[in-house]
**Q** 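First, the structure itself, so that you have it in front of you.
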Amino acid sequence: MLVSDVMWRELAVVDIEASLRAAAAEMLEARVGSVLVAETDTPTGILTESDDLAAGYAADAPFSTIPVREVMSSPLVTITPDQTVRSATARMREEGLKKLVVVDGLDAVGIVTATDVIGSYPELKAEIRAQTDRERAYFDSE
């Protein structure tokens with residue numbers, strides 16, 4: 001199963017000059033847990049709900065006064081849509097992340113999350129079972 005099979009294609013994006021309040025509003029409106037941060041239409045970072053809350057708490061200031069650029073995670077950790085879901089989960093584990101930005105060249109085309117992977121578990125399990133059956137059939141025929 002490929003990343004393109006499970007990724008979310010509609011990205012929520014805010015400008016690098018946006019405030020945490022604007023980022024939170026975008027996440028709430030889009031009903032997502034993160035926003036890409038862009039500078040002149042180029043994704044440069046990501047801000048998650050957790051980042052938003054932690055930064056607001058640490059600053060002890062209104063979210064509208066805290067710039068996204070100061071708290072976003074950057075550089076982006078990415079994966080391509082043609083990579084396997086297994087490689088995406090390995091990358092998430094290695095990097096200690098729950099979300100990977102999916103890129104095609106320089107363009108962000110989606111996001112894959114741990115939740116997306118969990119949601120695809122039945123299909124992944126069936127794919128592994130089919131692979132195992134093919135391998136058994138091959139070795140039994142020798």
**Q** Hydrophobic cluster membership, with links at side-chain heavy-atom distances under 4.5 Å among I/L/V/M/F/W/Y: are V102 and V32 in one?
**A**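 Per the 4.5 Å side-chain linkage, V102 and V32 are not co-clustered.
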**Q** Please tell me whether W8 and I79 are part of a single hydrophobic cluster in this structure, the criterion being side-chain heavy atoms less than 4.5 Å apart.
**A**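 Per the 4.5 Å side-chain linkage, W8 and I79 are not co-clustered.
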**Q** About how many Å separate CG of L20 and CE of M72, when rounded to the nearest 0.5 Å?
**A**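 One gets 12.0 Å once the value is rounded to the nearest 0.5 Å.
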**Q** How close do T65 and P67 get, counting heavy atoms only, and between which atoms?
**A**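 In terms of heavy atoms, the two residues are closest at O-CD, 3.5 Å.
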**Q** How far apart are the closest heavy atoms of I16 and V68, and which atoms are they?
**A**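 That closest heavy-atom pairing would be O-CB, 4.4 Å.
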**Q** Is any side-chain heavy atom of L100 closer than 4.5 Å to one of M92?
**A**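 Yes; the side chains approach each other to less than 4.5 Å.
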**Q** Supply the atom-to-atom distance D116 CG to I111 CD1, rounded to the nearest 0.5 angstrom.
**A**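 Spacing of CG (D116) from CD1 (I111) equals 8.5 Å.
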**Q** Atom OG1 in T48, atom CG in L53: separation rounded to 0.5 Å?
**A**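 CG of L53 is found 8.5 Å from OG1 of T48.
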**Q** Taking the side chain from R69 and the backbone from D15, do they hold a donor-acceptor pair closer than 3.5 Å?
**A**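 No.
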**Q** Return yes when atom CG of D41 has more than 12 non-hydrogen atoms of other residues, nucleotides or ligands closer than 6.0 Å, and no otherwise.
**A**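 No - once you tally the heavy atoms of other residues, nucleotides and ligands closer than 6.0 Å, there are 12 at most.
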**Q** What residue pairs, at least two apart or across chains, pass salt bridge (charged side-chain N to carboxylate O under 4.0 Å, His left out) with a residue in residues 91-103?
**A**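 Passing the test, one end in residues 91-103: R91-E95.
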**Q** Between the side chain of Q83 and the main-chain N/O of T80, is any donor-acceptor distance below 3.5 Å?
**A**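 The answer is yes, because a donor-acceptor pair under 3.5 Å joins these two groups.
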**Q** Distance from T78 atom OG1 to D104 atom CG, nearest 0.5 Å?
**A**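 Here the rounded value is 11.0 Å.
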**Q** State plainly whether one hydrophobic cluster holds both V85 and L97, where clusters connect Ile, Leu, Val, Met, Phe, Trp and Tyr through side-chain heavy atoms under 4.5 angstrom apart.
**A**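 Both belong to a single hydrophobic cluster.
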**Q** Compare every heavy atom of V117 with every heavy atom of V112, then report the nearest pair and how far apart it is.
**A**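 Between these two residues, the closest heavy atoms are CG2-CG2, 4.4 Å.
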**Q** Run the side chain to side chain contact (heavy atoms under 4.5 Å, CB included) test against D5 and tell me which residues pass, sequence neighbours left out.
**A**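 Applying side chain to side chain contact (heavy atoms under 4.5 Å, CB included) to D5 gives M1, L2.
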**Q** Locate the shortest heavy-atom distance separating A59 from I66; write the atom from each residue and the value.
**A**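 Minimum heavy-atom separation between A59 and I66: CB-CD1, 3.5 Å.
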**Q** Are V109 and M7 side-chain neighbours, meaning at least one heavy-atom pair lies under 4.5 Å?
**A**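 Yes. Closest side-chain heavy atoms under 4.5 Å.
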**Q** So, does D52 use its side chain to make a donor-acceptor pair with the main chain of E49 at under 3.5 Å?
**A**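 Looks like no, no N/O pair under 3.5 Å.
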**Q** State, to 0.1 Å, how close S19 and F63 come at their nearest heavy-atom pair, and which atoms those are.
**A**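 The answer is CB-O, 3.7 Å.
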**Q** Check whether any side-chain heavy atom of P43 lies under 4.5 Å from a side-chain heavy atom of V101, and answer yes or no.
**A**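 Heavy-atom side-chain distance check fails, nothing below 4.5 Å.
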**Q** Please confirm whether the backbone N or O of V37 pairs with a side-chain atom of T44, one donor and one acceptor, at under 3.5 Å?
**A**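 Here the side-chain-to-backbone pair exists.
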**Q** How close do G110 and L11 get, counting heavy atoms only, and between which atoms?
**A**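 Closest pair (atom of G110, atom of L11, distance): C-CD2, 3.5 Å.
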